[in-house]
J.: 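This is the structure I have questions about; it appears just below.
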2 protein chains.
Amino acid sequence: MPATPAVPDGKRPTLAHVAARAGVSVALVSIVMRGAYGASDATRERVLRAAEEIGYRPDTRARLLRSSRSRLLGVQFGLRHPFHTDLVEGIYAAAEPAGYQVALSAVAPSRGERQAVEALLADRCEALILLGPEVPAARLAELGAQVPVVSVARRLRPAPPGVDVVRSADDEGARQAVEHLVALGHRAIVHIDGGRAPGAADRRRGYRTAMNRHGLADHVRVLPGGLTEEDGARAARTLLAEAPRPSAVLAFNDRCATGVLDTFLRAGVTVPDEISVVGFDDTRLARLAHIDLTTVAQDIPRIAQLAVGRAIARLDGEDVPDGENVIPPRLVVRGTTAPPGGAGRG
Amino acid sequence: MPATPAVPDGKRPTLAHVAARAGVSVALVSIVMRGAYGASDATRERVLRAAEEIGYRPDTRARLLRSSRSRLLGVQFGLRHPFHTDLVEGIYAAAEPAGYQVALSAVAPSRGERQAVEALLADRCEALILLGPEVPAARLAELGAQVPVVSVARRLRPAPPGVDVVRSADDEGARQAVEHLVALGHRAIVHIDGGRAPGAADRRRGYRTAMNRHGLADHVRVLPGGLTEEDGARAARTLLAEAPRPSAVLAFNDRCATGVLDTFLRAGVTVPDEISVVGFDDTRLARLAHIDLTTVAQDIPRIAQLAVGRAIARLDGEDVPDGENVIPPRLVVRGTTAPPGGAGRG
DNA sequence: CCCACCGTCTAGAACGTTCTAGATGCTCCG
DNA sequence: CGGAGCATCTAGAACGTTCTAGACGGTGGG
């Protein structure tokens, strides 16, 4: 005679089913499932066996509903930005050992930041980690008033209460790039910027300051760009049309830089012989031999770790000092930069 | 005198708070918030205003706990695969208009497929959409017995009950690639495969069949590869060491193909003059001018739409016929293929 | 004038879990 | 022998929502 399944029809097994099968109370099963104190080894084993047998799986939502803490970190990211997806990997790696779960909410063409964040809040995330948020600062302040918020890669001055900032020293990164180009002998260095994108203002400023410091104030030139390949390509087309072209370009990020490279290549302008190009982010893309892009690397694991750390510290009620966490970037020299006039590549 | 906030301290507002403020019952507020039938226009407006004023936000988890349906689709994807992230965008676009929410669970170095799926099930997803799952078929069958499962890009023969398959005609794609190369005059065409990756077996078979059909059985050669750049690079290094090299390479996917291109480029082997290369997926990467990769495009929006459609159909209890949904791919000819011996590029 | 019916609203029980408060029985100590 | 103290276990109330059943007043047909 086959044992009657303890679980009715299509319903999924609950604590009560396990309890019935193991012959104990629901509360005790809860204790065992959580690994909490208060059950003998013998019953513990018996309960676990019963749970295993009927395929019990705890219901996160019911669990969170009851307990005051949800231990859930909400992460908003852009699916198309390798920089973001790499950060997400780091966030998983940092959050799970600390006993926090991660809820992802992507920004996509059909799904704005507002929608992405609303979903996270409705899911009861205790804190928000926003990767490169582009909403107005006022909106971030509003969110910060509700839950701890960590803004990654987006500077806020001053940071509203409840909002932490973790970012690379974007100005410093731009400075390193300019120093490198100047050391190679470049003077006409143009910056294709990121417009209103997070970090863009700092990179612009870093570029300007470095240029001025080297007495190149006359050569300062910022071209409107953006964070996609298309934005880079558009700016590059402007440069192509010019009589004496600049000898070097500092792009807002790697995607933008590949758009620039792409356009130059199609137009027969050789890089770095005729013009040098520098990116920002050091994505996997930049490392490929065809692209082999000189770029400014951000310390992604460290940024992820810090972002999670700040969020958790706030949740644990630690009295985190207000202020930004700024992480130094590092220039990675590859094949798209060379002295002007073309000593050339390889 | 400032109005006393209807909501105590740090707690977030609930239906009860809204009800108290609007002077109606909790049940009525629930009706209004859901937009359900059973409230007059006057009270409806009054309740909505009260909710707005105290910043009420429904609690998804409590909502799901109570109602039998969760209207939640769980999606497992790989953060590093542009093919997956593009699909996720399509899935959002298809699911939300149909009234379903999407829960994302990423596979990362620190987080295997088992863990990713467990998280989705614990969150009460009604159906699972798995992008390129690599777990054993038995495991998928086991999952299919619990909830509707859609396996995207991974073939299963036979598909276990409860498991739908949506995929490109991988064999057909490989065939198109071979046809193209043969038409250009190639004979020694080698395939760098995807090992045990989803779709790899079909692409291998399509390659073999097409080669045989053209009387090139003697030239059939499958080199072990994989789905990352590194896998492609490794295989390319093997080829570089050989005396007469093949004249064309069909790589498992675009990432693998870029690894191949990369290695050839660094070794001074010109593409397509000395050797032609074809990828698979038509990622944004392939379209960049430096790479300009001939590749097999998959119809991503259609795949996403179909995957969501099948999941929802199963949930709605429609009697979906078992069987795969196979979508034809399309070869995109770009700059990495040319006749052998080098009439060359540009 | 009665009753059925409709639109509007409400009380209270679910959902699956955790938490609080306490019950039970055992051991150990004076 | 009488508690105190401990380990183990349990009943029942929460959590914030939806659902079921029904209450209430007004209207209209016979």
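Chain letters run A, B, ... following the sequence lines, proteins first, then strands; residues in each count from 1.
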J.: Under a 4.5 Å cut-off applied to non-hydrogen side-chain atoms, are B:Thr85 and A:Arg80 in contact?
T.: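 Sidechains of A:Arg80 and B:Thr85: no contact.
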
J.: Is it true that B:Glu126 and A:Arg12 have a side-chain N and a carboxylate O under 4.0 angstrom from each other?
T.: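 No salt bridge links B:Glu126 with A:Arg12.
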
J.: Salt-bridged, A:Glu52 to A:Arg49, with N to O below 4.0 Å?
T.: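 Looking at A:Glu52 and A:Arg49, the cut-off is not met.
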
J.: Could you tell me whether B:Arg61 contacts a base, only the sugar-phosphate backbone, or nothing, with contacts defined as non-hydrogen atoms closer than 4.0 Å?
T.: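 Counting heavy atoms under 4.0 Å across all strands, no contact is made by B:Arg61.
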
J.: DNA chain C: A:Leu65 or B:Ser40, which has the more 5' nearest nucleotide?
T.: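 This one resolves to B:Ser40.
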
J.: Where along residues 25-33 of chain A does a heavy atom come under 4.0 Å from DNA chain D, residue by residue in number order?
T.: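 By residue number: A:Ser25, A:Ala27, A:Leu28.
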
J.: Between A:Arg46 and A:Glu53, does any NZ, NE, NH1 or NH2 come within less than 4.0 Å of an OD or OE carboxylate oxygen?
T.: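 Here A:Glu53 does not pair with A:Arg46 in a salt bridge, since their nearest N and O are not under 4.0 Å apart.
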
J.: By the 4.0 Å heavy-atom rule, please label A:Thr43 as base, sugar-phosphate, or nothing.
T.: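 A:Thr43: backbone/sugar contact only, no base atoms under 4.0 Å.
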
J.: Is a side-chain donor-acceptor pair under 3.5 Å present for A:Arg63 with A:Ser67?
T.: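 Judged by distance alone, the side chains do not pair up.
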
J.: Counting the atoms with a prime plus P, OP1 and OP2 as sugar-phosphate, which does A:Arg44 contact under 4.0 Å by heavy atoms, base, sugar-phosphate, or nothing?
T.: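 No contact.
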
J.: Decide, yes or no, whether a salt bridge links A:Arg57 with B:Glu118 under the criterion of side-chain N to carboxylate O below 4.0 Å.
T.: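 Salt bridge: yes.
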
J.: Can you spot which of B:Val135, B:Val163, B:Val117, B:Val75 makes a side-chain contact (heavy atoms from CB on, under 4.5 Å) with B:Leu130?
T.: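 Per the side-chain contact (heavy atoms from CB on, under 4.5 Å) rule, the option paired with B:Leu130 is B:Val117, out of B:Val135, B:Val163, B:Val117, B:Val75.
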
J.: Any side-chain to backbone donor/acceptor pair from B:Arg61 onto A:Asp123? Under 3.5 Å, distance only.
T.: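 Yes, because the side chain of B:Arg61 sits within donor-acceptor range (under 3.5 Å) of the backbone of A:Asp123.
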
J.: Which nucleotide of DNA chain D is the first, and which the last, in the 5' to 3' direction, to come under 4.0 Å of a heavy atom belonging to chain A?
T.: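 So the contact region on DNA chain D extends D:dA7 to D:dG16.
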
